[in-house]
J.: 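My questions all concern the structure below.
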Amino acid sequence: MEAEILSKVLAGIDEACIVYSPDFTIHSFNKRAEDMFRIPAAEIIGKSFSIDMAKVLGREAFGQVMYPSIAPSAARLSEPGADPAVMRIAFAEGEREFITTTFSFASGFVKLVREVTREELLARSKGDFITIAAHQLRTPATAANWALESLASDTSLPSAASGLARTGHAASQALLSIITRLLDAAQIEDGRFGVDPRPGDLSAFLGESLSHIMPYAKSLGVSLYFERQSAPVIALFDASRLGMAVQNIVDNAIKYSGPEGRVTVTLSSSDGFAEVSVADTGPGIPDEDMPQIFGKFFRGSDARRAVTEGSGLGLYLAKNIIEAHHGRIWAESAEGRGSVFHFTVPRA
Ligand code: ADP
């Protein structure tokens, strides 16, 4: 009965499953394994699969999964000595990639193999491409921004030319900010985005950050309020990173509220954490968008219609920054009744 259940389950699962003894005699080779490695089970069950057999033409993929030391690239994903051992094995110039999970028993091993899909491989190379493109764009964009900034502040220019220079400067600043967000997102992906939290007064920090955002609120006709606490709120945060998170959240509240909107930032503190809330009088977030708003490149369809400009990276970055501080971030919203974004950071 148990053998019957097991063989049915193994035939149905989406991962290749190989059961073998310590001398590499193959005992079980499911349907998915046959398809993945293009080897009929009958051909290898009962045989001891030696390293020489692994090198036979047409069997390389299976050979390298069984003997990772002969694979062009093999990386351990689990801790050394952990059971199961998880490995990433790339085969033939990165064209195919496998994640293997090997459980060991006194009588042998069970290896589960998942093939990384073409879509996943493509998504990764797309990520690399974006990083390289953003890096290449940053230097000329910085130079153009600097030149336009100098021009825009040149009082000797005729007024038509000076208006053009100011428009150009605003556009180049928007461009630089998109490039910076793309680079930050790429750093998060490959785990290089660190934070260095230090004790500081969160109330003073928020006051300062919001004073930089005030001109943007004014330019869109939005009132921005800060209900600050009179006493300092000492918390642990990385001012430059947290500044980015605050800016992304408050910028959204302002841009989605639109003219005559009101954005209120509140700071409170409770057991061990300081909490910042940003409430707006904007259109709110549809229920179906809610689970996705912190995802990478997500832009709500209503939001896209109302505000054409946006990268879909602001909340993704904010979430990663807050979580790197061991804080929490969440949103509450009702369509037509505004949104409130909350985040916490630990108190010092
Ligand atoms: P972007 O603003 O560039 O589109 P974000 O990552 O900052 O990207 O936000 C993701 C999505 O979340 C937005 O496209 C919008 O649909 C929604 N959103 C974020 N903040 C608000 C807000 N204050 N009011 C309404 N919708 C919001």
Side-chain angles (χ1 to χ4, degrees), residues 127 130 134 137 141 170-189 193 206 209-210 212-214 216-227 241-267 275-325 327-344:
I130 290 174
L137 285 171
S172 75
Q173 272 186 320
L175 179 64
L176 259 184
S177 116
I178 293 172
I179 292 172
T180 311
R181 283 180 190 201
L182 284 172
L183 287 172
D184 289 335
Q187 280 195 351
I188 287 174
E189 302 264 278
F193 191 88
L206 278 175
S209 305
L210 296 177
H212 294 307
I213 305 177
M214 191 59 94
Y216 177 58
K218 284 216 172 99
S219 74
L220 291 185
V222 173
S223 325
L224 174 59
Y225 301 100
F226 176 31
E227 292 178 358
R241 297 302 204 200
L242 195 66
M244 276 170 58
V246 169
Q247 180 169 5
N248 286 333
I249 296 167
V250 178
D251 273 2
N252 277 348
I254 295 170
K255 81 179 176 194
Y256 292 117
S257 288
E260 320 220 328
R262 207 174 55 246
V263 174
T264 311
V265 180
T266 323
L267 172 61
E275 181 175 326
V276 177
S277 306
V278 180
D280 66 50
T281 53
I285 301 169
D287 282 350
E288 68 267 22
D289 285 357
M290 209 46 144
Q292 306 177 69
I293 54 171
F294 294 101
K296 196 171 140 192
F297 294 128
F298 177 79
R299 297 206 66 211
S301 50
D302 294 351
R304 276 204 305 270
R305 229 173 293 125
V307 182
T308 43
E309 177 189 306
S311 59
L313 287 173
L315 290 181
Y316 172 76
L317 290 171
K319 178 172 194 285
N320 277 278
I321 291 169
I322 301 302
E323 287 179 354
H325 280 85
R328 250 176 19 96
I329 181 166
W330 69 102
E332 290 164 336
S333 181
E335 234 178 314
R337 278 192 281 143
S339 316
V340 192
F341 281 80
H342 307 263
F343 70 81
T344 60

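Side chains are part of it too, since the values below use all heavy atoms of this structure and drop only hydrogens, waters and symmetry mates. For ligands, and for the atoms within them, numbers begin at 1 and follow the listed sequence.
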J.: Just verifying a value: how many Å separate Ile285 CD1 and Arg337 CZ, rounded to the nearest 0.5 Å?
T.: 13.5 Å
J.: To which protein heavy atom is atom 12 (O) of ligand 1 closest, and what is the distance rounded to 0.1 Å?
T.: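 Looking at atom 12 (O) of ligand 1, the protein heavy atom closest to it is Ile293 CG2, 3.5 Å.
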J.: Could an N or O of ligand 1 be found under 3.5 Å from any N or O of Phe341, whether backbone or side chain?
T.: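 It does not: no N or O of Phe341 is found under 3.5 Å from an N or O of ligand 1.
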J.: Give the residue and atom name of whichever protein heavy atom lies nearest to atom 8 (O) of ligand 1, and the separation in Å to one decimal.
T.: Gly312 CA, 3.2 Å
J.: If we ignore hydrogens and angles and just use 3.5 Å, is the side chain of Thr281 paired with the main-chain N or O of Arg262 as donor and acceptor?
T.: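 A pair under 3.5 Å: yes.
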J.: Less than 4.5 Å apart, side chain to side chain, heavy atoms only: is that true for Phe341 and Val250?
T.: no
J.: Using non-hydrogen atoms of the residue, decide whether Asn248 is closer than 4.0 angstrom to ligand 1.
T.: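 The answer is no: ligand 1 sits nowhere under 4.0 Å from a heavy atom of Asn248.
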J.: Among residues at least two apart in sequence or on other chains, which ones pass ring-ring contact (aromatic ring centres under 6.0 Å, His included) with His342?
T.: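 Scan of His342 (ring-ring contact (aromatic ring centres under 6.0 Å, His included), adjacent residues dropped) gives Trp330.
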J.: Could you tell me if any non-hydrogen atom of Ser301 lies under 4.0 Å from any atom of ligand 1?
T.: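 No, Ser301 has no heavy atoms under 4.0 Å from ligand 1.
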J.: Please report whether ligand 1 has a polar contact with Gly314, defined as an N or O pair separated by less than 3.5 Å (distance criterion only).
T.: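 In this structure, Gly314 places an N or O atom under 3.5 Å from an N or O of ligand 1.
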J.: If the contact criterion is a heavy-atom separation under 4.0 Å, does Ser311 count as touching ligand 1?
T.: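 So Ser311 counts as touching ligand 1.
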J.: Which of the atoms of ligand 1 are close to Ala253, meaning less than 4.0 Å from one of its heavy atoms?
T.: 23 (N)
J.: Just to confirm my output: which protein heavy-atom neighbour is closest to atom 24 (N) of ligand 1, and how far is it?
T.: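 Heavy-atom neighbour on the protein nearest atom 24 (N) of ligand 1: Ser339 OG, 3.5 Å.
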J.: Starting from atom 5 (P) of ligand 1, which protein heavy atom do you reach first, and at what distance in Å?
T.: Leu315 N, 3.6 Å
J.: Report yes if the side chains of Val263 and Ser257 come closer than 4.5 Å at any heavy-atom pair, otherwise no.
T.: yes
J.: Among Arg299, Lys296, Lys319, Arg181, which residue places a heavy atom closest to atom 4 (O) of ligand 1?
T.: Arg299
J.: Among all protein heavy atoms in this structure, tell me which lies nearest to atom 13 (C) of ligand 1, with the distance rounded to 0.1 Å.
T.: Tyr256 OH, 3.4 Å
J.: Where on Ile285 is there a heavy atom closer than 4.0 Å to ligand 1, on the side chain, on the backbone, on both, or on neither?
T.: side chain
J.: When rounded to the nearest 0.5 angstrom, what is the spacing between CG in Asp251 and OG in Ser177?
T.: 8.5 Å
J.: Need the ligand 1 atom indices (1-based, order shown) with element for anything under 4.0 Å from a heavy-atom of Phe298.
T.: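 In order of number, 10 (C), 11 (C).
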J.: Out of curiosity, Ile254 CD1 to Met214 CE, how far, rounded to the nearest 0.5 Å?
T.: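 Answer for the CD1-CE pair, Ile254 versus Met214, is 8.5 Å.
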J.: List every atom of ligand 1 that sits less than 4.0 Å from any heavy atom of Gly284, numbering the atoms from 1 in the order shown and giving each element.
T.: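 Every atom of ligand 1 under 4.0 Å from some heavy atom of Gly284: 25 (C).
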J.: Please determine if Pro283 has a nitrogen or oxygen closer than 3.5 Å to a nitrogen or oxygen of ligand 1.
T.: no
J.: Closest non-hydrogen protein atom to atom 15 (C) of ligand 1, residue and atom name please, with distance?
T.: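 Looking at atom 15 (C) of ligand 1, the protein heavy atom closest to it is Ala303 CB, 3.5 Å.
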J.: So, does Thr344 use its side chain to make a donor-acceptor pair with the main chain of Arg328 at under 3.5 Å?
T.: yes
J.: Could you identify the single nearest non-hydrogen protein atom to atom 7 (O) of ligand 1 and state the distance to 0.1 Å?
T.: Asn252 ND2, 2.8 Å
J.: What's the separation between atom CG in Leu315 and atom CD1 in Ile321, rounded to the nearest 0.5 Å?
T.: 11.0 Å
J.: State whether the shortest distance between N or O atoms of Asp280 and N or O atoms of ligand 1 falls below 3.5 angstrom.
T.: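 N/O-N/O distance under 3.5 Å: yes.
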J.: Measure the CG-CE distance between Asp184 and Met244 for me, rounded to the nearest 0.5 Å.
T.: 4.0 Å
J.: With rounding to the nearest 0.5 Å, note down the distance linking CG in Leu313 to CZ in Arg299.
T.: 10.5 Å
J.: Do Leu224 and Thr264 touch side chain to side chain, with heavy atoms closer than 4.5 Å?
T.: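 No, too far: nothing below the 4.5 Å cut-off.
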J.: Does ligand 1 have any atom that is closer than 4.0 Å to a heavy atom of Lys255?
T.: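 Yes; Lys255 lies near enough to ligand 1 that a heavy-atom distance drops under 4.0 Å.
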J.: Would you say ligand 1 has an N or O under 3.5 Å from any N or O of Gly300?
T.: yes
J.: Is the number of heavy atoms from other residues, nucleotides or ligands under 6.0 Å of Glu260 CD greater than 12?
T.: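 Not more than 12 within 6.0 Å, no.
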